[in-house]
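Just so it is clear, the model here is predicted, and its values are computed rather than measured. Residue numbers begin at 1 in each chain, while the letters A, B, ... track the order of the sequences.
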Amino acid sequence: MKTSINFIPIDYDYFDFNGKNCIKIVGRTDGNKQVCVLDEFEPYFWAVFKEGTSDKRIREIQEKINKIKIETEFRTSIIEKTEICDKKYLGHEVKAIKIFVTNFKDCHPVADHLDYEEIIARREYDISMMTRYIIEKNFTPLVFKKITGEILNNSQEFGGIDNVLETDLAIKLEKLENLEKQPEFSPKILAFDLETSEFDAEKGEILMISIAGKNIKKVLTWKAKESKNKQDFVECYKNEEDMLESFVKIINKENPDILTGYFSDGFDMPFLKARAEKLGVKLSLGIDGSKPAFTRGKITSSSIFGRVHVDLFRFIDTVFSQYLQSETLGLDSVARELLGEGKKEHEFKKSEKIKEHEWKDFFEYNLQDSVLTYKLAEKLWPDMLELSRIIQEPVWDITRSGMSQLVEDYILHNLKNFNEITEKRPVHNEIEERRTKGKYEGAFVFQPIPGIYENVVMFDFTSMYSSVIVTYNLSKSTFLGNTQIKGNKNFKEANEADLGEEGKAYFSTKPGFFPIMLKEMVEKRKKYKSEYKKNENNLTKARSNAYKLIANAAYGYQGFFGARYYCREAAAATAALAKKSILETIEKIKKEGYQVIYSDTDSIAFLQEKKSKKEILELLGKINKNLPGIMELELEDFYKRGIWVTKRDGEFGAKKKYALIDEKNKMKIRGFETVRRDWCDLARELQSKVLELLLKEGTPDKALELVKKTIKDLKERKIKREQISIRTQLKKPLSEYKSITPHVIAAQKMKEQGFPLDIGMNLEYFIAETREKKALVREKVKLMDEKGEYNIKHYLEHQIIPAVENIFQVFNIDVKELAQDSKQMKLF
DNA sequence: GTCTAGTCTTTACC
DNA sequence: ACGGGTAAAGACTAGAC
């Protein structure tokens, strides 16, 4: 029976049937029915012919290709058909042959087979099946389409797959049409969280599992008995197996579109898998009863068919963290910032030592983790939705992709508008080759003169590097070479970039697909930003942010060695032309009679002096009138005061370190220890207050009093331990450290205490007094729960004084002397 | 053993 | 392996004396 429905695709997967590739997409109708759409997939790749290959020769080769047959123990693949097409490859017009192969997995072997000197490139065998399918069918994730097809009911069509599906409907796709008006859609989200007896799944058990959603809050456990004073949300089971089975049942009954956890790729899912296997429980979480699948990579990812498993931490880590103030990305701090509530406090103990009332606290703690994760997922949903629609990749993928992957996916899905054959992914030795080329010259940073300045104006270029790429058409396909070829028409009007010692780079003036795509991104970002300002809502904000994200990553993408469209020259030229532009702008501002005091990459700070704001804006307009292409300078802000300090050693001004205060007394602090996570709070808070007092008052008196008081408190041991804790991240495995720093010692101590060391974890320690005189800092390291007193000398000389010394030097005040004076006072 | 330049390391800026 | 380069700064470390 045929039917037509409005359908929104959510989760994508594929399977093989009779040696062919088939696609299964799970989504919802506008009436919220769950549907699985099944479709066949026609895999193909391209072979590109050398320029000038005769039609006759092309047909000869086509005949030979048609006869290729690949036999493996699993299936036989043949060339289903071939087509000769006019295409573009890296912007050039080419003849190419489109080769359809029975099974996607055999594209690469067939491509390896094509050994003809006329074939200069074999392409697109390395594009994932899902990406290819979405491109071919224009079946964009999370966009409603009108689909028509045959309802499958106990059919043998796809090997009887519809029989095991728990969906309301299974349809064999026949027609796909766009919908003008998009129905509303919000997915059903469920969050879960495990508590275990050990961090290691080999040794530990799952003590409890919490589940939270719109209408559900539960903790499943086998560590409590049914009783009258049991908490309502707790469900008791007789053992771990029963609990796991019930977890599976509840997930299937609730039937969420999205199952989310916090760090669940790294912890909860692998743990669940390990325990389920050990206990012989089938983890049938998929809508067809399938187990979660695990893909290996640097970080293992886990997927469940029919539900999108989202590890919120990964999305926040790569995409959302830039919008957060929080210094760490743990559930507690992220939830506090976005939701205004944090995790429950809890002291972890070994199971046998937990008393009954402590179990109750533990259950509440466990539930709260899921509740927070659920609320965060709801809050971040617009951002995941918009990013998925813009990149045109499923939510599962975009929540796990790095920046370069997001940019690349955007390109892949948009190349069809340019009739372009996609460049291949670099292979291992190509990556090595790219990496050995080393760095190129980057941005310009102005050497500031230390001092406190009044009335500072800050200009900056809007999306500078993106604007440069678009304006000068910098990309792999528009790169012409490093030397000018005489008489070549392309070069006559080429864009030139001076790369210094590396010579010059030339780029075509005929717009390439990469700069064109980037221009569209910048324009759309502008459009949705103004739309958001007119009518503030989460979706336009998320859309604007998503475009901004991709546009900002475009420059890094071209310089990234793993990119398909890697072009070191384009990246180097972007930095070089940006540098040229900012230097010229600085000169222009100077010529107009202003004193420029600082500049970093895309911003310029100068003194307003006696000029009015109107005159400053006129200056801005004048500069903008003469800027090429889409380059644009804008007013960042007016500041009533700003401070720049010297470097620790030497008399020169420190770059990337300054503090400003605007007319509303709002501070902007950059680079100072205040904003550095690896300094103790005492030093950071003191410095922050000192900067604020100085910038508000313009005189050092009040700030100096504060420093004196802090030194006094420190010496009198009045400082609380949390104020002097030093937090440093563990960036690699302990064995890889060449130099044994204090934080390595802290890590070793934690390991000895039985804490698992994870890369990226924060280590917390303090510097303690020692009985004997120890030369090295690392010999004084103690963990926060160790006994001992803080080392007054260390905190004075290595935290407090360094944090404020350079600031007071601007006023010719020697803080070191001051500290010594008070030391002598105490001695007498 | 002590001094110092250089290296390693983390974190920031844009 | 899973954007880029520029920069500050602390602590360790190797080499010179």
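- Across all strands shown, A/Leu406 has no heavy atoms under 4.0 Å from either base or sugar-phosphate atoms.
- In this structure, the NE2 atom of A/His428 is 9 Å from the C1' atom of C/dA1, given to the nearest Å.
- The listed nucleotides are B/dT11, C/dG3, C/dA11; the one nearest the side chain of A/Ser404 is C/dG3.
- For A/Met403, whose side chain is taken as the heavy atoms from C-beta onward, the closest listed nucleotide among B/dC14, B/dA12, C/dG3 is C/dG3.
- Checked options A/Ile726, A/Ile792, A/Ile724; the residue passing with A/Ile767 is A/Ile726 (criterion: side-chain contact (heavy atoms from CB on, under 4.5 Å)).
- Taking the side chain of A/Lys731 as heavy atoms from C-beta on, and the options C/dC12, B/dT11, C/dG10, the nearest nucleotide is B/dT11.
- Residue-level contact check: A/Tyr465 touches neither bases nor backbone, having no heavy atom under 4.0 Å from any strand.
- The A/Ser739 side chain lies nearest to C/dC12 when the options are B/dC13, C/dC12, B/dT10.
- For A/Val445, counting side-chain heavy atoms from C-beta on, the closest listed nucleotide (C/dA7, C/dA9, B/dC14) is C/dA7.
- Among C/dT13, C/dG3, C/dA7, the nucleotide with an atom closest to any side-chain atom of A/Phe560 is C/dG3.
- Across all strands shown, A/Gly671 has heavy atoms under 4.0 Å from sugar-phosphate atoms exclusively, and none from any base.
- Distance from the side chain of A/Ala553 is smallest for C/dG3 among the nucleotides B/dT10, C/dG5, C/dG3.
- Note: NZ (A/Lys668) to P (B/dA12) measures 17 Å, nearest angstrom.
- Looking at the side chain of A/Ile740, the nearest of the listed nucleotides C/dT13, B/dT9, B/dC14 is C/dT13.
- At a threshold of 4.0 angstrom between heavy atoms, the contacts of A/Gln729 are confined to the sugar-phosphate backbone, with no base atom among them.
- For A/Arg677 against B/dT10, no side-chain N or O and base N or O form a donor-acceptor pair under 3.5 Å.
- Both A/Tyr440 and A/Asp649 lie near DNA chain C, and the one whose nearest nucleotide falls closer to the 5' end is A/Tyr440.
- In this structure, A/Phe766 has its ring center at least 6.0 angstrom away from the ring center of A/Tyr795.
- With hydrogens and angles left out, the side-chain atoms of A/Thr674 and A/Arg684 include no donor and acceptor closer than 3.5 Å.
- Side-chain polar atoms of A/Thr728 and A/Asp678 form no donor-acceptor pair below 3.5 angstrom.
- The side chain of A/Lys655 sits closest to C/dA8 out of B/dC14, B/dA12, C/dA8.
- Considering A/Val707, A/Thr646, A/Val815, A/Val645 in turn, A/Val645 is the only one that fulfils the side-chain contact (heavy atoms from CB on, under 4.5 Å) rule with A/Ile807.
- Nucleotide C/dG4 holds its P atom 18 Å from the CD atom of A/Glu441, rounded to whole Å.
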